[in-house]
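To start, the structure under review is shown below, and the notes come after it.
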Amino acid sequence: MSAARLILYIFVMAAVTYLIRMLPTVLFRKTINSVFIRSFLYYIPYAVLAAMTIPWVFYAMQDIWAAVIGFAAAVVMALWGKSLVAVAAVTCAAALAAALML
Amino acid sequence: MQEKRHEFLRGAKDGIPIALGYLVISFGLGISAKNIGLPVWAAVLMSVTNLTSAGEAAGIAVIAASGSLVEMALTQFVINLRYALMGLSLTQKLDGSYTLPHRLLTSYGITDEVFAVSVSRPGKLSPPYMYGLISLPVLGWTTGTLLGAAAGELLPPLVGEALGLAIYGMFIAIVLPPAKKDKGICCCVVLSALLSCCLRYIPVFSGITQGFAIILCAVIASALMAVLFPRKEEGQ
């Protein structure tokens, strides 16, 4: 892929992301009153992360079973209430250990 | 002047734990970028201009699939839409010295963690405090991406692959604890994941790219949950 194309991708990402952050901060002085819109925005991050993770996490490594074990470790650690960094570290360690052993 | 400096330092201190977390997570993101063949400079440029884990991970997926720029813009819009709500919520807490240039600058640094720290701080927010709060996380996020993308070349491929899972580990750590406590979030997560599998595995949907698939799943699941489990107390 050409550098120009990459810069274009990154520019579009940065511009959209900045506008989303900037416009409400600059333009709005009131909060949204619609319960539907507020609820929708409340759920969006969770829905996005779920759809980004499943099923894609299973294809993040060449060995699908290593990725499955990493995923399982992440689920256990997260349900156990561990911090983001701890969950991420154990995910990688479990996947690596599985890939080396399988 | 003294007071401004004091506020900046207080913000910087509050930003230290965020920055440390970002350093680790963005290391994994840098490796993900490297794994799809992105050059180091592009990964770093993306992180310093975007400053968002889920958005960048999705952006990397769109680039890997050579998606269109419209797909890229829409993906970023849906995934990062939550920042609009956070920005909106923060406007209620900005103090009288928060002029337009300050708003234009500090809105760049609204992330999930920066938002969480700033809303939980008692009283109003001043521009120096926000600059302090944002500065170290930006540094941590960019440095981690640089190290990850650069180390991706040096590490054995298997270690690189395993570290690429870090970003998913973080997503799971963000989603599951609240899903365990809240029925609405739980249903939303399960539905979105199921829809995502349908789009991935049912042959008739095979033309839909990953970026659009994420948008579809998230919008359908969130809209349905907003009807079934409306939130009356959030977004104050």
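All values derive from a computational prediction rather than experimental measurement. These values consider heavy atoms only, across backbone and side chains, with no hydrogens, waters or symmetry-generated copies. The chains referred to below are lettered A, B, ... by the order of the sequence lines, with proteins before strands, and numbering in each begins at 1.
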**Report entry** Selection from B:Asp112, B:Thr75, B:Leu191, B:Val219 maximising heavy-atom pairs under 4.5 Å formed with chain A
**Finding:** B:Val219
Report summary line: Of the listed A:Leu84, A:Val87, A:Thr91, A:Val85, the one with the largest count of heavy-atom pairs under 4.5 Å with chain B is A:Leu84
Query - No-hydrogen, no-angle side-chain donor-acceptor test under 3.5 Å, A:Tyr43 and B:Arg231 - result: yes
Query raised in the report: For A:Ala97, is it the side chain, the backbone, both, or neither that has a heavy atom closer than 4.5 Å to a heavy atom of chain B?
Result: neither
Query raised in the report: Are B:Arg200 and A:Phe58 in a cation-pi setup, meaning NZ or CZ lies under 6.0 angstrom from the ring centre and within 45 degrees of the ring axis?
Result: no
Query raised in the report: Is there side-chain contact between A:Phe71 and B:Tyr168, with heavy atoms separated by less than 4.5 Å?
Result: no
Query raised in the report: Highest number of heavy-atom pairs under 4.5 Å with chain A: which of B:Thr49, B:Leu158, B:Asn50?
Result: B:Asn50
Result block: side-chain N/O donor-acceptor pairs under 3.5 angstrom for residues 41-48 of chain B, not counting sequence neighbours:
unit_1  : atom_1 : unit_2   : atom_2 : d
B:Ser47 : OG     : B:Glu56  : OE1    : 2.8
B:Ser47 : OG     : B:Trp141 : NE1    : 3.4
B:Ser47 : OG     : B:Thr145 : OG1    : 2.7

Query raised in the report: If you count heavy-atom pairs under 4.5 Å between each of A:Val90, A:Leu79, A:Val35 and chain B, which one has the most?
Result: A:Leu79
Query raised in the report: At a heavy-atom separation under 4.5 Å, does B:Tyr201 approach chain A through its side chain, its backbone, both, or neither?
Result: side chain
Query raised in the report: Checking heavy atoms, do the side chain of A:Leu96, its backbone, both or neither come under 4.5 Å from chain B?
Result: both
Query raised in the report: Would you say the side-chain atoms of B:Glu161 pair up with the backbone N or O of A:Gln62, donor to acceptor, closer than 3.5 Å?
Result: yes
Query raised in the report: For A:Ala47, does its backbone N or O pair with a side-chain atom of B:Ser192 as donor and acceptor, under 3.5 Å?
Result: yes
Query raised in the report: Taking only heavy atoms into account, what residues of residues 170-178 of chain B are found under 4.5 Å from chain A?
Result: B:Met170, B:Phe171, B:Ile172, B:Ala173, B:Ile174, B:Val175, B:Leu176, B:Pro177, B:Pro178
Query raised in the report: Is it the backbone or the side chain of A:Tyr46 that comes under 4.5 Å from a heavy atom of chain B, or both, or neither?
Result: both
Query - Region of A:Leu23 that comes under 4.5 Å of a non-hydrogen atom in chain B - result: neither
**Report entry** Leading residue by heavy atom contact count with chain B [cutoff under 4.5 Å; candidates A:Leu49, A:Asp63, A:Val12, A:Leu100]
**Finding:** A:Leu49
Query - Region of A:Val48 in contact with chain B, defined by heavy-atom distances below 4.5 Å - result: both
Report task. Look at B:Cys217, B:Gly21, B:Ala54, B:Ser53 and state which one has the largest set of heavy-atom pairs under 4.5 Å with chain A. Result -> B:Ala54
Query - Contact leader toward chain A among B:Leu104, B:Leu90, B:Val24, where contacts are heavy-atom pairs under 4.5 Å - result: B:Leu104
Query raised in the report: With respect to chain A, which residue among B:Lys180, B:Gln76, B:Arg82, B:Met86 yields the maximal number of heavy-atom pairs within a distance under 4.5 Å?
Result: B:Gln76
Report task. Under 4.5 Å, heavy atom to heavy atom: which of residues 25-39 of chain B reach chain A? Give them by number, or say none. Result -> B:Ile25, B:Leu38, B:Pro39
Query raised in the report: For A:Thr25, does its backbone N or O pair with a side-chain atom of B:Arg103 as donor and acceptor, under 3.5 Å?
Result: yes
Report summary line: Closest non-hydrogen atoms of A:Ala50 and B:Val189, given as atom of the first, atom of the second and distance, are CB-O, 3.6 Å
Report summary line: Okay, A:Met1 and chain B: the region with an atom under 4.5 Å from a heavy atom over there is side chain
Query - Which atoms of B:Ala84 approach chain A - backbone, side chain, both or neither, heavy atom under 4.5 Å - result: both
**Report entry** chain A neighbours within residues 67-74 of chain B, where any heavy atom lies under 4.5 Å away
**Finding:** B:Gly67, B:Ser68, B:Leu69, B:Met72, B:Ala73
Query raised in the report: Would you find a donor on one side and an acceptor on the other, under 3.5 Å apart, between the side chain of B:Ser196 and the backbone of A:Ala51?
Result: yes
